[in-house]
Structure formats: C-alpha cells, structure tokens
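Okay, so here's the structure we're looking at.
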Amino acid sequence: MTIPSNNAFLPDDVLSGKEKRLFLSSALLSWYNQNGRDLPWRVRGAHPNPYVVWISEIMLQQTTVKTVIPYFYRFLERFPDISALANADIDDVLLLWQGLGYYTRARKLHECAQFLNQNNGGKFPETYSELLKLPGIGPYTAASISSLAFDKREAVVDGNVIRVISRLYGIAESTAVSLPEIKTKAQDLMSETRAADYTSAIMDLGATVCTPKNPDCSVCPFEGECEALARNLIDEIPKIEKLQKINKIGKLFWIENESGDVFIRKREEAGLLHGLTEFPWEAVEGNDEMLNKISFPIPNADWVDTGKNVRHVFTHINLTLKIFKTKVLENEADLKNLMKTGGQFVSKDNFKDYPFSTLMKKVVKAVESDGNSDSKKRNSKKAKSVESKTFCDFE
DNA sequence: AAATCGGGGTC
DNA sequence: GACCCAGATTT
C-alpha cells in the first residue's frame, strides 16, 4: 500500500504516520468483520451489560478462552448480576472458581461487587481512571471494560496486543522495556469510531493469526506493513524474559478416622491457594533428603508411605508431594492433637461442597487409585528412571 | 524492577 | 518439556 502524501504543509512523516495508522486500523476492523470470533461474552459494538464484560475479563486473565467458557456459563447462571454476587458467600464464589487458578481474582471480584453495590448504586463507572480504582481491576481490565462496554477509546495492552504491536513495528527490545512504547502505539492505532470492536479485533488477531508460534501472516491484515515479517524477525519478537522455577518436595498426610472420613483443613487467607480446602501437606525446597525435615502433623502416628507421588507445576514452583497415610486414627491423644491444628473430618461424598485446588484433586485421584491403574503411564516411561517404577506419578 | 500467584492448551 | 495465555498485586 502506498501512502499518499497530499498535504505539502505538514512533514511527511507526521502526515503519513497518521494516514498509515488510519489505514491499519481500517484494515484490522475489516478483517474483524469477516473473521472475528463469536464468544459467549461478546457482541458486535459496545456490550450492553458491563457485568458480563467484567466477569469474562477477570476470568480470562492469564487463562485461555477454551478453559474459561464453561466457568463463565456456570458463574453467570449462579450470579447473574452485581447484586447477586455481592450478596453471595465468598466460599460459594470459590466453589465455582475451583480449578480456574489465581484465586485472588475470585476474592477481588467479590470485594468489587460489594463495593459497587454499597458505594456506586450497583453500577460500574465508565471511565478508565475510575475503573482502575476498583479491586482486582488493573490497567488492562480498566481499559477493556471502558472500551468493550462503554465504547471509550482506551486501548488494552495484553499478551496479544504486545505481540501484534511489537511485531508490526519491529520492536525488538525486552517487552518490560518497550511496554510504554507499545502502549502508545496501540493507543494511536485505536479506531476513533469503533472502540469496542477495535479492542476485540486486535485481541482476536493476536489469538488466531499473530500467534506466538507459526503465525499465519498470509491472512494478516498487517502483512504488507509488518516490520518483523519484512525483516524476518517474527520468531525473535516479542522478546520475553522468562522467570526461573524452583523445585520443592514435600509430604502430604491422608488421615482417616473410624468412619472413613478424611481430615481436611482450610488454607490461610493469604498466599498460595489461599482460602481453599486441602489435606495437610508441607513442602520444602530441595531434593529427597529434605523430606526428613517434615514431620507434621502427628509425630507419633504410624505413617505409611503409600509410594504414590503427585507432581504439580505452578507458575514458579515444580512441586512433588509424597502421599503418606495413617492407619485408622483412634488414639485419643493423637486425635486431639490433630484437631488442635485446625480442620475437620469430612466424608468423601461431601468433598464436592468444598473448594479444592487441582493439586488436591490429583491427590484424591491418586489415593483412590489401586496402584495399578497407571501402569500404562508407567510403562511409557519405564526406561527413564527408578523413580517412575517406584512411584505412581499423577500429572 | 522483581516476585508472587494456577492451571491447562499447544507446539 | 517449554511456552504462554484477555494480568493484578505485593515487595
């Protein structure tokens, strides 16, 4: 595309810059008209219900569309509006959130609903700056609600936008450094007449065309203007710094009483998996020998190593838990000491009433397996290590 | 600026 | 296995 320079009184770069942006924005919206995704929380143009936009945006943080969809339907059915959510018990909110991760999101969602109900007439503010003040709403979500629900010209910057913009303009520095520039360019590119659709469009482009690996540049509306493509830098841009993980190993204690009920407890309200239900466990950084440091929770109990392992990968932790069981706990002193640590015995049939993390669900699955059900997985790895012969690995 | 906070899809 | 997803909050 040739950019016409039809105004001799303005510097070429300024004029062509603005015209180029208009061209790109127009091309993006045309592409979106034909290729935009239909999603449960989406309409064309501004969305009439900011609550729907809000719930979807919070759920979608660091989460894939496919994962979110069933959670979204369940949540909207159970909590159809701000008032319903505000009046709910936080534990009921967590119950619907279990398995979705980043549980702070659920807590802030609940806080925010209560705040809006009490202080803002149960309605969302429409401006970026007001939205930004709300619990759980940061720069991305403030811009997304403002643009998607109220058609304000506030550009979102998420992983998709970072990728699209940094490739389009050939920005090769680390994204942590170039973020302000990316934000400016995304804002400049934003449509002046179709703000909501622009937001959906640039994210759809990043999700379906300008993908991290093997982007389909041949169908991209920016194909002819993309710096990264022209300079063969698609695989180098964006440059994202990776964080490193630590390895932790620990013990999990599966405790049953005479009735076959299992001991569970509630995690603290801060930190990893906060507020969720768990079986007692403790982990330390390091390797197998570190296990000697862990003796919780009943020093004198007759612990049996089940030989079962559960592995779980968090954002910054690789965790391996070895599962230990007691025989039926009937010693009164042990029982008393255990109850002092905080928790309760619950029937397995009632697990569904408590919010468990995926990690704990793996534990349940491991304990309930007979030890042979994973032979197929073990066989596939039999040459790898002694460990995989010795333990059942649930992953 | 760097660390913390889940879980799952994809390559 | 590595990457990274519609990021926010704390340190």
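So you know, we letter chains A, B, ... as the sequences are listed, proteins then strands, and number each from 1.
When rounded to the nearest whole Å, the span between CG of A/Leu179 and C1' of C/dG7 equals 11 Å. One interatomic measurement links the two molecules: CD1 of A/Ile165 to C1' of C/dA6, which rounds to 15 Å at whole-angstrom precision. Taking atom CD1 on A/Ile162 and atom P on C/dC3, their separation rounds to 17 Å, with Å as the unit. As a whole-Å value, the separation of A/Met190 CE from C/dA6 P is 17 Å. Atom C1' of nucleotide C/dA6 and atom CE of A/Met203 are separated by 5 Å, given to the nearest angstrom. Regarding A/Ile202, its CD1 atom lies at a distance of 13 Å from the P atom of C/dA6, rounded to whole Å. A straight line from NZ of A/Lys245 to P of C/dC4 spans 12 Å, rounded to a whole angstrom. Between the P atom of B/dA2 and the NZ atom of A/Lys242 lies a distance of 16 Å, rounded to the nearest Å.
Figure legend: A/Arg105 and A/Tyr102 shown without cation-pi pairing, the cationic atom not lying both under 6.0 angstrom from the six-membered ring centre and within 45 degrees of its axis.
Residue A/Thr211 is out of contact with every strand shown, counting any heavy-atom pair closer than 4.0 Å. Within the 4.0 angstrom heavy-atom criterion, base atoms lie near A/Val65. A/Pro238 comes within 4.0 angstrom of nothing in the nucleic acid, heavy atoms only. Using a 4.0 Å heavy-atom cutoff across all strands shown, A/Trp97 reaches no nucleic acid atom at all.
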Requested in this report: Summarise protein proximity over nucleotides 3-11 of chain B in one line of letters, 5' to 3': B for base, S for sugar-phosphate only, - for none, counting protein heavy atoms closer than 4.0 Å.
Outcome: -BBBBS--S

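A heavy-atom distance below 4.5 Å is found between the side chains of A/Asn117 and A/Ser83.
We find that A/Asp92 and A/Arg78 are joined by a salt bridge, their nearest charged nitrogen and carboxylate oxygen being less than 4.0 Å apart.
In this structure, the separation between OH on A/Tyr354 and CD on A/Gln98 is 12.5 Å, given to the nearest 0.5 Å.
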